[in-house]
Amino acid sequence: MSIKPDLLLQALKANAGQEPNGDGRISRYFQDGYDLPADWDRVRSRYQEMAGTHLDRFDSPMIDLGRAPGRVNLIGEHTDYNGLPVFPMAVNRDMATVFAPRKDRKIVIINTESEFTERSFDIEQSIPPYPTGDWGNYCKAAVQGLLDYYRKKRRNSERFRGFEATIDGDIPVAAGMSSSSALVVLSALVFLSANRLQLHTTAEGRLELADLLAGAERYVGTQGGGMDQAISLMGLAGHAVKIDFFPLRTQTAPLPQNYAIVVADSTIKAAKTAEALDKYNRRPIECRLAAAVLKRIFSERYEREIPISLLGDLKEERLAVAEAEIWRIANAALHKDPYTLEEIAGILGQSTEKTAELYCKRRDGSIFGEPADGFKLQQRYQHVIEEGGRVEQSVRALEAGDITGFAELMNRSHASCRDLYEISCPELDRLVEISLEAGALGSRLTGAGFGGCTVSLVERKRVEAFMQKVIWGYYRDYLGRKDRDLGKLIFPCQAAGGAGVLAGPQS
Ligand code: GLA
């Protein structure tokens, strides 16, 4: 076997004319993303391998580097698309790439995982998607989003050129850690960098980019909020980030040094594809219906048009009604029994067809049918409003060093996700119970739900013992798994910095 030269070093030298750590840009790129220097060998061999794969396939004279982190949400689930805050952190697991701009308008992506085979498409006004679930759609989503954005800015898109990129992800896929949004963000940065655009180089530009990519990701068919793209771009090492929406803004909060955030994969797949899409999309639809019903009720009561389009609009400032009063009226108005579409249409004073048309549309224009167990407006409303409140309380608790208070909020959030929003599953519930028994102060599902991961707050000195207990209790006893490398399903995460590219001046 021939020995490959140190391709990573070559790339770094070509990029910045310096060895690693000798240049601020390079150190920042790595230090923001990884646990250096402890991690350097792993990081170096990973990029080295990517560079090797890349140069085997492409004839690039030199390569640039890029990374976009995944995330765990500490608290604030399904609040983002309702206009209420979330509180995630970017993690030291990411989608990374080595890439090179092309002279033509072709985009070619390959992946170090053989199940994700090569994809290639042209930059054109309207890029047709691959079939649902195809990994190439996340790249297409970003490119289409940027093309639309620059078209609105009257930028001549004929000039845009493509790129070729080799991608490697170490974020567990379909585990609720936003590997897909990380791929969207990464593709966007590569596109911007290949075209020497500067959107990602300032804090305001990043917020704008996060906003546009949140919209762009709907290309793959989900109606997610904006959390995942925002945290991937706005993460800060050692910090969780509170994100507010409409308009998008962030506030960082330091994480306690003596505690670790441990992620455990339930191994139940939370893929945002095909049938999973409808489970996820039902929640935003129910929330929109609840907001429409409440708008009607408030407007009638106050005899004026009350401006509510999202549940998060039910705020004192907006309605000029005291918060406790809003809560009282809304609670009295919504009943716990599920609603039929007919009942909702009756309240709104319009036909069922019109109601479905206005509130129950999927992205492809098809109508989401009435669920067999009805629309649960009261439960969804209660979860969303209380969960938004828990985010604010969590930020205050962390700022005051009240770790137990924060952990308690995490536990209440899980109960609400399970009972009111119904996005948990028996495996996630058991994993949370076992985690608490194993010594976590707080534990909850994280992300979209229906599988995926839990996040637990654990005293740093107890992390090893904690993980061992969960491996035995959950993976071995409960799931009956016997494989040796169960340890890779549970790991502590560092809070990492936001996505970045390291591109050479002459590329
Ligand atoms: C998914 C979406 C996010 C958010 C979470 C739930 O990850 O992409 O925008 O809605 O679910 O909090």
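One-based numbering, in listed order, for ligands and for the atoms of each. Quick note: numbers below take in every heavy atom, side chains included, and nothing from hydrogens, waters or symmetry partners.
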Basic-acidic side-chain contact under 4.0 Å: Glu427, Arg430: no
Over 12 foreign heavy atoms within 6.0 Å of CD, Glu323: no
Which atoms of ligand 1 are found less than 4.0 Å from any heavy atom of Gly447? 6 (C)
Quick check: does Ser178 get an N/O under 3.5 Å from an N/O on ligand 1? no
Below 6.0 angstrom between ring centroids: does that apply to Phe191 and His200? no
Show me which atoms of ligand 1 lie under 4.0 Å from any heavy atom of Met227. 4 (C), 5 (C), 12 (O)
So, does Met177 sit close enough to ligand 1 that a heavy atom of it is under 4.0 Å from the ligand? no
Indicate yes or no: does an N/O atom of Gly225 lie under 3.5 Å from an N/O atom of ligand 1? yes
When you compare ligand 1 with His78, is there at least one nitrogen or oxygen pair between them that comes in under 3.5 angstrom? yes
Give the atom numbers and elements of ligand 1 that come within less than 4.0 Å of a heavy atom of Glu77. 6 (C), 12 (O)
Lys140/Asp134 salt bridge by N-O under 4.0 Å criterion: no
Taking the six-membered ring of Phe491, is the NZ or CZ of Arg93 close enough (under 6.0 Å from the centre) and on axis enough (within 45°)? yes
Of Asn82, Asp80, Asp228, the residue with the heavy atom nearest atom 9 (O) of ligand 1 is Asp80
